[in-house]
**Q** 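Just passing along the structure, written as structure tokens.
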Amino acid sequence: MTGVPGVDPVVVVGAGHAGFHVALFLRDEGFEAPIVLVDGLGGSPVQRPPLSKAMLLGDTEPRLEFRKPEFYPARDITLLHDTVTRIDRDRRLVRLGSGKALGYRELVLATGCRARETTVPGSGRTGIHVLRTPDDARAIRDALDRAGDVVVAGGGFIGLEVAAAARHRDCAVTVVESLPQVMRRVVSADVSDHFHALHEARGVRVLTGTTVQAFDGDVRVREVVLSDGTRLRADVVVLGIGVDPDVGLARECGLAVSDGVEVDTMLRTSDPSISAIGDCASFPTGDGGRRRLESVQNATDQARVAAARIAGRTTAFDAVPWFWTEQFSAKLQIAGLLPDRRTETETVRVGEDEGAFSVLHFHRERLMAVESVNRPVDHVAARRLLAKGGPLRPDDARIPRFRLSDAAAIQTG
Ligand code: FAD
């Protein structure tokens with residue numbers, strides 16, 4: 001089979017956050033040509049954030065599906081439970097695991113990321129989990145219910161969310177983080193300290209500056225051996241050591257790939273009939289660099305831009321990034337990107353309450369990012385301010401009784 005541009009569908013590889021939304025937004029744009037959404041996971045496409053939160057905390061399963069199964073035929077979106085194994089750019093078609101081929105007029109890569117595994121000695125033992133899919137989450141929840149001692153390798157967002165859920169399920173929990181502070185790749189030292197203290201106050205043991213060197217036991221893992229020689233008892237281990245973008249298809253068909261599939265501001269890859277969006281896409285930052293983000297906001301906003309372009313409306317991707325995590329009683333929301341640690345920054349902390357505060361980050365007197373702990377009003381205001389690029393200065397934020405929401409109201413009308 002060969003592709004026939006104009007008749008063939010828009011094919012979307014991956015029905016995660018980015019893939020589902022590009023199909024939805026294409027229809028919202030009034031796009032009438034066929035759309036095929038291909039994903040190896042069975043069932044209706046699902047969101048992932050609840051997998052490390054409600055799914056592990058509760059005893060009943062939260063709703064994960066973006067939409068009920070009848071949504072897809074109703075919007076004339078073909079959902080294909082298959083795997084794309086190869087892209088033939090010359091003939092404009094994709095090969096599927098089932099042996100079929102599918103022509104495309106436009107191809108959208110929304111292949112996301114894979115959870116990073118470890119190869120340290122003993123990593124083949126059972127009881128060692130990663131968390132990316134609903135089945136992973138179900139397996140972890142069942143394992144936590146039977147476990148006494150749990151070791152979480154990696155003190156990032158997902159690792160700490162799992163640690164909080166494991167405490168909630170009455171496990172003895174140790175978090176092992178290689179950096180000197182938890183979540184330090186994405187949050188400031190101040191916020192990191194706050195969450196470290198919160199975990200310890202809730203009974204989680206947090207070990208920083210050390211790494212997992214081996215897993216000991218029999219068929220099952222029984223102990224985790226750390227680089228400083230410490231041995232930790234473990235009935236269950238959860239790896240939260242990061243993810244890698246799923247770029248295999250793109251690389252094999254010769255698209256430009258670095259830390260992700262390289263795209264321009266319109267999310268086109270080095271082949272203009274192929275777009276890449278979401279966790280797998282590396283986009284230009286405007287200062288000559290590139291960045292790849294792992295968040296539902298990024299996936300949704302990039303899906304919106306790609307859908308508009310495919311439907312014939314041109315917009316560029318320049319959304320303000322935002323992220324969140326929930327651990328115990330604390331909800332952290334981040335608007336904007338924290339400046340690189342080598343960049344000279346000024347920070348201002350607002351909010352007197354120990355459990356509810358925001359940290360404002362400025363570079364050259366310009367607001368770059370705001371971290372809000374249990375201050376959702378600040379977060380909303382920060383997103384408005386950052387979108388407008390208003391002239392808020394550090395000294396403005398130091399004025400007694402300063403409120404971000406007032407500043408946003410004044411500066412953004
Ligand atoms: P994904 O959602 O990973 O979807 C990619 C899809 O592509 C997958 O379904 C995969 O099966 C499919 N696929 C890959 N290759 C092929 C192929 N060759 N053929 C067919 N199908 C293929 N983000 C937040 O902003 N806030 C949170 O609180 C948050 N919590 C999270 C908690 C967990 C446990 C996880 C795992 C992620 C969390 N994230 C969170 C991140 C967020 O879920 C991702 O950024 C988002 O899902 C990215 O969407 P995506 O479509 O790019 O990738």
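Every number for a ligand or one of its atoms is a count from 1 in the order of the listing. If you read the sequence from its start, that first residue is 1, and numbering goes on from there.
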**Q** Looking at R75 and D28, does any basic side-chain N land under 4.0 Å from a carboxylate oxygen?
**A** yes
**Q** Below 4.0 Å from ligand 1: does a non-hydrogen atom of W324 turn up there or not?
**A** yes
**Q** Looking only at side-chain N and O atoms, does D259 offer a donor or acceptor that is under 3.5 Å from a partner on S282?
**A** no
**Q** Among all protein non-hydrogen atoms, which one is nearest to atom 53 (O) of ligand 1, and what is the separation to 0.1 Å?
**A** G112 CA, 3.3 Å
**Q** Start with the C-alpha gap between S188 and E371, add the side-chain angles, then the distance that decides, and say whether side chain to side chain contact (heavy atoms under 4.5 Å, CB included) holds.
**A** CA-CA 8 Å; S188 64; E371 300 167 287; 2.7 Å; yes
**Q** Give yes if a backbone or side-chain nitrogen or oxygen of W322 is under 3.5 Å from a nitrogen or oxygen of ligand 1, and no if not.
**A** no
**Q** Would you call the rings of H21 and H17 parallel, tilted or perpendicular, where under 30° means parallel and over 60° means perpendicular?
**A** parallel
**Q** With atom 23 (N) of ligand 1 as the reference point, say which of V296, L249, V22, L51 has the nearest heavy atom.
**A** V296
**Q** Do me a favour and list the nearest non-hydrogen protein atom to atom 19 (N) of ligand 1 with residue, atom name and distance?
**A** V84 N, 3.0 Å
**Q** Heavy-atom distances under 4.0 Å decide this one: backbone, side chain, both or neither, for K53 against ligand 1?
**A** side chain
**Q** Looking only at the side chains, is there a donor atom on one of R202 and S329 sitting less than 3.5 Å from an acceptor on the other?
**A** yes
**Q** Is it true that the side chains of T133 and D135 contain a donor and an acceptor less than 3.5 Å apart?
**A** no
**Q** Should one rank L80, V94, V13, I158 by closest heavy-atom distance to atom 38 (C) of ligand 1, which comes out on top?
**A** I158
**Q** Nearest heavy atom to atom 6 (C) of ligand 1: which of L96, N298, D39 does it belong to?
**A** D39
**Q** For A299, is at least one N or O under 3.5 Å away from an N or O on ligand 1?
**A** no
**Q** Cation-pi between R125 and F215: NZ/CZ under 6.0 Å from ring centre and within 45° of the ring axis?
**A** no
**Q** Looking only at side chains, do D378 and S358 share a donor and an acceptor under 3.5 Å apart?
**A** yes
**Q** Return the residue, atom name and 0.1 Å-rounded distance of the protein heavy atom closest to atom 3 (O) of ligand 1.
**A** R132 NH2, 2.7 Å
**Q** Any N/O of S52 closer than 3.5 Å to an N/O of ligand 1?
**A** no
**Q** Decide whether the shortest distance between a heavy atom of T133 and an atom of ligand 1 is less than 4.0 Å.
**A** no
**Q** Quick one: nearest non-hydrogen protein atom to atom 2 (O) of ligand 1, plus distance?
**A** R48 NE, 2.8 Å
**Q** Out of L404, V370, L360, which one pairs with L385 under the side chain to side chain contact (heavy atoms under 4.5 Å, CB included) rule?
**A** L404
**Q** Check each heavy atom of A18 against ligand 1 and say whether those closer than 4.0 Å belong to the side chain, the backbone, both or neither.
**A** both
**Q** Under a plain distance cut-off of 3.5 Å, with no hydrogens placed, do T119 and E117 share a side-chain donor-acceptor pair?
**A** no
**Q** In the protein, which heavy atom is nearest to atom 49 (O) of ligand 1, and how far is it?
**A** H17 CB, 3.4 Å
**Q** Measure centre to centre between the rings of F328 and H199, then say whether the value is under 6.0 Å.
**A** yes
**Q** Any N or O of T83 that comes nearer than 3.5 Å to an N or O of ligand 1?
**A** no
**Q** At what distance is the nearest protein heavy atom to atom 7 (O) of ligand 1, and which residue and atom is it?
**A** G14 CA, 3.2 Å
**Q** Take every heavy atom of H21, measure it against each atom of ligand 1, and state whether any distance is under 4.0 Å.
**A** no
**Q** For atom 52 (O) of ligand 1, what is the closest protein heavy atom, and at what distance to 0.1 Å?
**A** D279 N, 2.8 Å
**Q** List the closest protein heavy-atom neighbour of atom 36 (C) of ligand 1: residue, atom name, distance to the nearest 0.1 Å.
**A** L131 O, 3.7 Å
**Q** Counting heavy atoms only, which of L41, T85, T300, T111 is nearest atom 15 (N) of ligand 1?
**A** T111
**Q** Classify the ring geometry between F71 and F20 as parallel (under 30°), tilted (30 to 60°) or perpendicular (over 60°).
**A** tilted
**Q** Backbone or side chain, does any N or O of Q297 fall under 3.5 Å from an N or O of ligand 1?
**A** no
**Q** A quick test of your reading: do over 12 heavy atoms of other residues, nucleotides or ligands sit less than 6.0 Å from CZ of R364?
**A** no
